[in-house]
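Keep in mind it's a predicted model, so treat the numbers as computed, not measured. Proteins come first, then strands; the chains are lettered A, B, ... in the order of their sequence lines, and each starts at number 1.
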Protein chains: 2
Amino acid sequence: MEGYRGFLGLLVSALLVGFLSVIFVLVWVLHFREGLGWDGGALEFNWHPVLAVTGFVFIQGIAIIVYRLPWTWKCSKLLMKSIHAGLNAVAAILAIISVVAVFDYHNVRNVPHMYSLHSWVGLTAVILYVQQLVLGFLIFLLPWAPLSLRAVVMPIHVYSGLLLFGTVIATVLMGVTEKLFFALKNPSYHSFPPEGVFTNTLGLLILVFGALIFWIVTRPQWKRPREPGTILLQPNGGTEGMEGAIAISSSHSPDSADAELSSEGAARKRTLGLDDAGQRSTM
Amino acid sequence: MEGYRGFLGLLVSALLVGFLSVIFVLVWVLHFREGLGWDGGALEFNWHPVLAVTGFVFIQGIAIIVYRLPWTWKCSKLLMKSIHAGLNAVAAILAIISVVAVFDYHNVRNVPHMYSLHSWVGLTAVILYVQQLVLGFLIFLLPWAPLSLRAVVMPIHVYSGLLLFGTVIATVLMGVTEKLFFALKNPSYHSFPPEGVFTNTLGLLILVFGALIFWIVTRPQWKRPREPGTILLQPNGGTEGMEGAIAISSSHSPDSADAELSSEGAARKRTLGLDDAGQRSTM
C-alpha cells in the first residue's frame, strides 16, 4: 500500500478524534447535564446526543472507511460488505433510538415535534439512511442484482453515503447549537460557561472526525485493490464514480454473488478488451 | 460531453435552488425581520445571513463547478482559473463583510463575540477560506510555482475546497438555528410560525444546493477535458486526487503559466511513456 504510514497516522487520528467525541458527549450529559435514563424526562432526552454521536457519526464514519483498511484486503469482499452493512445497520438502529428518545421526551412534556430545522434535516437523514441501507443490502449484498444494476447504482450509493454522512454531522452541529441556547440560561451561553466551551469543543471534534474520514475515503491510492484473477471493465466515457472502476471475474460470467465491485466506484457503460496496462491505469 | 442533458438539468436545478436560497434569505430579513441597513443594530446584523448565503454559499458553489461548464472548455485554462479565483475572492469578501456586520452588531449591543459553536466554526471557515484563496492564487494562478508543487497541492486544494464548502453550509444551518431560537419568542418557534417554517425551508434549499454542487463536481464524465496537444502524466500508484490526472504540454517542458492541470486532480509521482490508450483510460 502506497503511503501506508500516512494512512495509519490518519486512521489513528480519526479513531482518536472519534473516541474523544464519544467521551465528550458522555461527559456532557453525565457531568454537565442530568445523566442518562429512560424516564421520559431530561435523562431520556440525553440519550439523543449520545446515540447520535456514537452511532450516527462515529460508527457511520468507521463503516465508510472499512474497505480501506489494508489488513482486510485478504478478506473476501462478501465479508467486508457484511461488515460495512452491519456497522451501518448498528448506526441506523442507534440513530432511530436517538430519535425515539426525543419523541418520548416531547410527548411527556407536550412539546410539539418537528418544528426546528434540526428536526427536519435530522429525520430526513434518518429516513434516507435507512433507505440507503435497505437498497444497499438488496443490490450489493444479496446475490441477485445484475452487475449492470450494481454498476449504475454504485456511484449513487457512494455519493449518497458521503452526502448523508456530511448531513448528519451538520445536523449534530445544529442540535448542539439548539441545546446550548435552550439549556444555558444562568450562566448564559454568551458568558462562556465551562459547558458552552466544552460542548463547542465537542462540535469541533465531530467536524475534524468528518474531515479525516472524508480525506481517507477520497484518496485513490488507499482503495481496496481489485481481486486477483479479475479484470477491469473500463468505463467508456468516464461514468465511473469517485472511487474508480468495476472489476468482474476474468471469466466474464461472474457468479453474481462473487461479482466484485473493486471499489466504491462503478461504470455505467463498459467496454472490454483494453490491455492490462490501460486497465491498471484506472486504479 | 457525455450526459450533456443530465448535466444541464442538474446545473439548471442548482442555479434555481441557489437563486431561490438568495431570494428566501432576502425575504426573511426584509419581510420577517427588520430589513437591511448599516446602523449597528438589527438592520446591520441582517446583512450577516444575506451575505453568507449569497457569497459564501451561492457564489462559492458556482466557483466550485465553473470548470465543468462545457461551453467554457474552449476558453483558456488561465481564463477559467481567473474566473474560479475571482468568484472565490468575491465570496471571501462577502463572507468577511458578513462577519464584520455581526461584530459591529455585538459591539453596539455589548454582546460578547465568539461564544457559540456557529461562531467558532464560521470564523475558522472564513480564515481557512482566505488561506485557500491566497495559496491557490500563489500556486495555481501565478506562473512561478513548479509543476511538481502544483501536483502535490492540487488534491489538497480540491479536498479543502469541498470540505470548506460543506463546513460553510453546516455553519449557515447552525446560524439559522441560532437565530430562530433567539428571535422567535412570541409566537414561539415550536408553534410553527410562518417565519419558522419559511426559514427552515431556506435551510433545506441550501442543503439541496450543496448536494447538487457536490454531485456535479464529483462526476468524472463532466470534467473539463485535457487541452489538445497535451499528454497525460500517469500517477504511479494512484496518488491522483478525486478528480483525475495531470496533463502537461507534450513538449515535456511546459511554460509553467500554461502548464495545465487537466482537472482538479493531481499526481504526486508521475511516470512517462504510457501509451495513449492507457492514458485515456484515466479520464
Enquirer: When heavy-atom pairs shorter than 4.5 Å are enumerated against chain A, which of Ala170(B), Gly175(B), Pro112(B) gives the highest number?
Expert: Pro112(B)
Enquirer: What distance separates Ser191(A) OG from Tyr115(B) OH, expressed to the nearest 0.5 Å?
Expert: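 So the gap between those two atoms works out to 10.0 Å.
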Enquirer: Does the Tyr159(B) side chain pair with the main chain of Ala211(A), one donor and one acceptor, at a distance under 3.5 Å?
Expert: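 Yes, the answer is positive, given that a donor and an acceptor are paired below the 3.5 Å cut-off.
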Enquirer: Please tell me if the side chains of Ser116(A) and His190(B) come closer than 4.5 Å, counting only heavy atoms from C-beta onward.
Expert: no
Enquirer: Nearest 0.5 Å, please: how far is CE in Met174(B) from CG in Leu173(A)?
Expert: 4.5 Å
Enquirer: Looking only at heavy atoms and a cut-off of under 4.5 Å, which of Leu202(B), Val197(B), Thr171(B), Thr124(B) has the most pairs with chain A?
Expert: Val197(B)
Enquirer: Which residue in the set Leu207(A), Thr201(A), Asn200(A), Ile206(A) passes side chain to side chain contact (heavy atoms under 4.5 Å, CB included) when paired with Leu117(B)?
Expert: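 Going through Leu207(A), Thr201(A), Asn200(A), Ile206(A) one by one, the side chain to side chain contact (heavy atoms under 4.5 Å, CB included) with Leu117(B) is satisfied by Asn200(A) alone.
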Enquirer: Using non-hydrogen atoms only, which part of Ile156(A) is less than 4.5 Å away from chain B: side chain, backbone, both, or neither?
Expert: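 Its backbone and side chain both get close to chain B.
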Enquirer: Does a side-chain heavy-atom distance below 4.5 Å link Leu163(A) with Trp215(B)?
Expert: no
Enquirer: Phe181(B) and Phe181(A): aromatic ring centres closer than 6.0 Å?
Expert: no
